[in-house]
Amino acid sequence: MNNLLCKRLNLRFPLIQAPMAGVSTPELAAAVSNAGALGSIGVGASTPQQAEAMIRQSLSLTSGPLNVNVFCHAPAQRDPQQESAWIARFGERFSGFDAAPPGELSEIYQTFCGNEAMQEVLLNTRPAAVSFHFGLPSEDVIRRLKSQDIVTLATATSPAEARVIEEAGVDFIVAQGIEAGGHRGIFDPQAEDRQLSTLTLVQAIRRVSRLPVIAAGGIMDGAGIAAMMKLGVAGVQLGTAFVLCPESAANTAYRQLMKSEQAASTVMTAAISGRPARCITNDFCRMTQDIPAQAIPAYPLTYALGKALAAAASAKGDHGYGAQWAGQGASLARELPATELVKVLIAEWQAADDLTAE
């Protein structure tokens with residue numbers, strides 16, 4: 001295909017399976033890459049040792065390209081009083097599940113910024129692409145990755161972030177619209193979020209940046225792919241569309257929720273992890289919807305409690321407290337093997353293009 005993303009990464013189709021840390025697996029990424037698209041894994045929740053094992057396993061399952069996604073969030077600013085109050089807020093809920101809340105909050109996920117061990121993992125394993133979420137590493141790290149012929153991508157939720165990405169020397173901008181599931185890639189979660197739709201964001205970024213843009217958020221089928229490609233993007237990124245694939249790590253409760261009527265209702269919440277993220281509306285989202293933003297500890301401190309509460313609830317058969325991330329198109333997800341899903345998406349895209357041409 002005569003397309004920049006395809007040329008740079010030796011793809012048959014300009015389609016990326018979103019990294020989705022905790023849901024993407026080496027098996028999912030490899031299946032997508034074997035189908036001619038770009039498979040991804042997220043290592044933002046992994047130690048360097050775990051990340052290296054995941055990358056090497058992925059590479060052993062495919063001869064195609066692999067994208068590895070890392071989190072570039074600022075280290076958490078500690079506020080002991082705020083953190084204690086947050087733990088106390090959920091004390092009764094833990095008691096209801098015959099469990100105790102954590103004694104303190106911890107940074108369960110380390111940022112990629114300044115993480116030399118994780119940087120060395122990427123430089124040694126040399127995946128075809130590395131993508132950045134929540135911000136950017138130093139320009140020196142970006143240069144080192146590119147010196148190894150690694151293609152770089154970074155998420156932008158605004159034109160301003162897109163300009164920063166271009167100035168840093170990154171190769172592609174992933175324009176994440178407000179429809180997208182999971183964590184917003186916003187650089188500063190305390191800054192104003194204009195919450196632009198994918199369609200609007202893509203057009204706004206293309207006005208201020210010369211970098212090729214990848215559209216992400218709310219794209220669930222070939223018709224959606226065709227619509228975005230007509231805007232002049234270099235490719236599309238789909239995440240929620242792949243959650244029901246048998247190769248994903250989504251658990252049974254998550255899958256059942258994705259296939260229920262409840263999947264049509266999603267909400268943006270920071271109460272699960274400390275950063276805004278789109279989740280299928282569940283008991284935890286409803287319970288925390290009126291909590292003021294200033295009461296929520298920083299990412300990933302909040303996640304430490306969120307995961308503990310979800311585990312306590314799940315042990316009692318209550319699955320309404322998990323991080324069931326999903327985009328606004330969740331109800332359109334299909335339960336197909338990843339290779340088959342890629343084939344279906346491409347066939348739908350081609351059919352949509354043919355209809356438009358008539």
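The figures here come from the full heavy-atom set of this structure, side chains too, leaving out hydrogens, waters and symmetry mates. Everything numeric here is computed off the predicted structure, so don't read it as measured data.
- No donor-acceptor pair under 3.5 Å is formed between the side chain of Thr269 and the backbone N or O of Cys285.
- Within a 6.0 Å sphere centred on CD of Gln289, other residues, nucleotides and ligands contribute more than 12 heavy atoms.
- Cluster annotation: Phe187 and Phe132 are assigned to the same hydrophobic cluster (Ile/Leu/Val/Met/Phe/Trp/Tyr, side-chain heavy-atom contacts under 4.5 Å, transitive).
- Close placement of the Phe284 and Phe90 rings is indicated, their centers lying within 6.0 Å of each other.
- With a 4.5 Å cut-off on side-chain heavy atoms, His133 and Val70 do not count as touching.
- Side-chain atoms of Thr198 come within 3.5 Å of backbone atoms of Ala216 as a donor-acceptor pair (strictly under, hydrogens ignored).
- By the 4.5 Å heavy-atom criterion applied to side chains, Ser40 and Leu66 are not counted as neighbours.
- The CG atom of Asn115 sits 10.0 Å away from the SG atom of Cys72 when rounded to the nearest 0.5 Å.
- Closest non-hydrogen pair, Asn67 versus Pro19, comes out as ND2-CG, 4.0 Å.
- Taking 4.5 Å as the limit, some side-chain heavy atom of Pro159 sits within range of a side-chain heavy atom of Leu201.
- The shortest distance between side-chain heavy atoms of Phe172 and Val213 does not fall below 4.5 Å.
- Under the 4.0 Å criterion applied to side-chain N and carboxylate O atoms, Glu52 and Arg56 are assigned as salt-bridge partners.
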>> What verdict does the side-chain contact (heavy atoms from CB on, under 4.5 Å) test give for Arg89 and Ile291, after you've listed the backbone C-alpha separation in whole Å, the side-chain angles of each residue and the deciding distance to 0.1 Å?
In response: CA-CA 10 Å; Arg89 183 186 290 271; Ile291 296 177; 3.6 Å; yes

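- When the side chains of ILVMFWY residues are joined at heavy-atom separations under 4.5 Å, either directly or via intervening members, Leu196 and Ile186 end up in two distinct hydrophobic clusters.
- Between the CG atom in Asn34 and the CZ atom in Arg12 there is a gap of 11.0 Å [rounded to 0.5 Å].
- Closest approach of Pro101 to Ile87, counting heavy atoms only: CB-CG2, 3.9 Å.
- Checked by atom type and distance alone, the side chain of Arg163 never pairs as donor or acceptor with a backbone atom of Ser209 at under 3.5 Å.
- A donor-acceptor pair is defined here as one N or O able to donate and one able to accept, closer than 3.5 Å; such a pair exists between the side chain of Thr240 and the backbone of Gly327.
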>> Could you walk me through whether Arg255 and Ser248 satisfy the side-chain hydrogen bond (donor to acceptor under 3.5 Å, both in side chains) test, starting with their C-alpha distance in whole Å, then the side-chain angles of each, then the deciding distance to 0.1 Å, before giving a yes or no?
In response: CA-CA 10 Å; Arg255 292 175 184 274; Ser248 96; 3.1 Å; yes

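- Under the 4.5 Å side-chain heavy-atom criterion for Ile, Leu, Val, Met, Phe, Trp and Tyr, Ile178 and Leu238 are members of distinct hydrophobic clusters.
- Phe134 pairs by the ring pair (Phe, Tyr, Trp, His ring centres under 6.0 Å) definition with Phe71, His183, Tyr299, not counting sequence neighbours.
- Among all heavy-atom pairs drawn from Ile205 and Ala175, the shortest one is CD1-CB, 3.8 Å.
- Minimum heavy-atom separation, Ala45 to Gln50: O-OE1, 4.3 Å.
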> Between Glu27 and Gln57, does a side-chain hydrogen bond (donor to acceptor under 3.5 Å, both in side chains) hold up when you go through it step by step?
Replying inline: CA-CA 8 Å; Glu27 291 78 12; Gln57 183 181 356; 2.9 Å; yes

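- In the hydrophobic cluster analysis, where Ile, Leu, Val, Met, Phe, Trp and Tyr join through side-chain heavy atoms closer than 4.5 angstrom, Val43 is grouped together with Ile108.
- A heavy-atom distance below 4.5 Å is not found between the side chains of Gln119 and Cys113.
- Atom CG of Asn10 is surrounded by 12 or fewer heavy atoms from other residues, nucleotides or ligands within 6.0 Å.
- Note that CD1 of Ile214 and OG1 of Thr155 are 9.5 Å apart. Values are rounded to the nearest 0.5 Å.
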> Would Leu15 and Leu38 satisfy side-chain contact (heavy atoms from CB on, under 4.5 Å), going step by step from the backbone distance to the final call?
Replying inline: CA-CA 6 Å; Leu15 187 157; Leu38 180 61; over 6 Å; no

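- Applying the salt bridge (charged side-chain N to carboxylate O under 4.0 Å, His left out) test to pairs two or more places apart or on separate chains, those with a residue in residues 312-340 are Asp98-Lys316, Lys259-Glu335, Arg334-Glu348.
- Ser24 OG to Asn69 CG: the interatomic distance, rounded to the nearest 0.5 Å, is 8.0 Å.
- Looking at every heavy atom in both residues, Val342 comes nearest to Ala37 through CG1-CB, 4.4 Å.
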>> Is there a side-chain contact (heavy atoms from CB on, under 4.5 Å) between Leu345 and Phe13? Walk through the geometry before answering.
In response: CA-CA 10 Å; Leu345 289 168; Phe13 312 112; over 6 Å; no

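- Here the side chain of Ser314 pairs no donor or acceptor atom with the backbone of Ala310 at under 3.5 angstrom.
- The 12-atom threshold is exceeded at CZ of Arg184, counting heavy atoms of other residues, nucleotides or ligands nearer than 6.0 Å.
- Not a single donor-acceptor pair under 3.5 Å links the side chain of Glu83 to the backbone N or O of Leu301.
- Taking CD of Glu167 as the reference point, atom CG of Leu211 lies at 10.5 Å (rounded to 0.5 Å).
- A 4.5 Å side-chain heavy-atom check between Pro276 and Pro189 finds at least one atom pair inside the cut-off.
- With hydrogens and angles disregarded, a donor-acceptor distance shorter than 3.5 Å links the side chain of Glu247 to the backbone of Ala338.
- A donor-acceptor pair under 3.5 Å is absent between the side-chain atoms of Ser331 and the main chain of Ala263, judged by distance alone.
- Contact of the Tyr254 side chain with the Val243 side chain is registered, since non-hydrogen atoms from C-beta on lie closer than 4.5 Å.
- Side-chain N or O atoms of Gln262 include one that pairs as donor or acceptor with a backbone N or O of Thr281 at under 3.5 Å.
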>> Run Glu161 and Thr157 through side-chain hydrogen bond (donor to acceptor under 3.5 Å, both in side chains) and show every step you take.
In response: CA-CA 7 Å; Glu161 290 174 349; Thr157 63; 2.8 Å; yes

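- For Thr125 against Val121, the heavy-atom pair with the smallest separation is OG1-O, 2.7 Å.
- Linking ILVMFWY residues whenever their side-chain heavy atoms come closer than 4.5 Å, directly or via other members, leaves Leu61 and Leu9 in distinct clusters.
- Within 6.0 Å of the CZ atom in Arg194, the count of heavy atoms belonging to other residues, nucleotides or ligands does not exceed 12.
- Leu332 forms part of a hydrophobic cluster together with Met220, judged by ILVMFWY side-chain heavy-atom separations under 4.5 Å.
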>> Before you tell me yes or no, could you show the steps for Met287 and Arg93 under side-chain contact (heavy atoms from CB on, under 4.5 Å), namely the whole-Å CA-CA distance, both residues' side-chain angles and the distance that decides it to 0.1 Å?
In response: CA-CA 10 Å; Met287 180 181 73; Arg93 194 66 56 159; 3.2 Å; yes

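- Although no hydrogens or angles enter the test, the distance criterion places no donor-acceptor pair under 3.5 Å between the side chain of Lys307 and the main chain of Ala323.
- Here CG of Asn282 is found 8.5 Å from CD1 of Ile280. Values are rounded to the nearest 0.5 Å.
- In this structure, Phe242 and Val32 have side chains that are in contact, with non-hydrogen atoms separated by less than 4.5 Å.
- Heavy atoms of other residues, nucleotides or ligands lying less than 6.0 angstrom from NZ of Lys343 number 12 at most.
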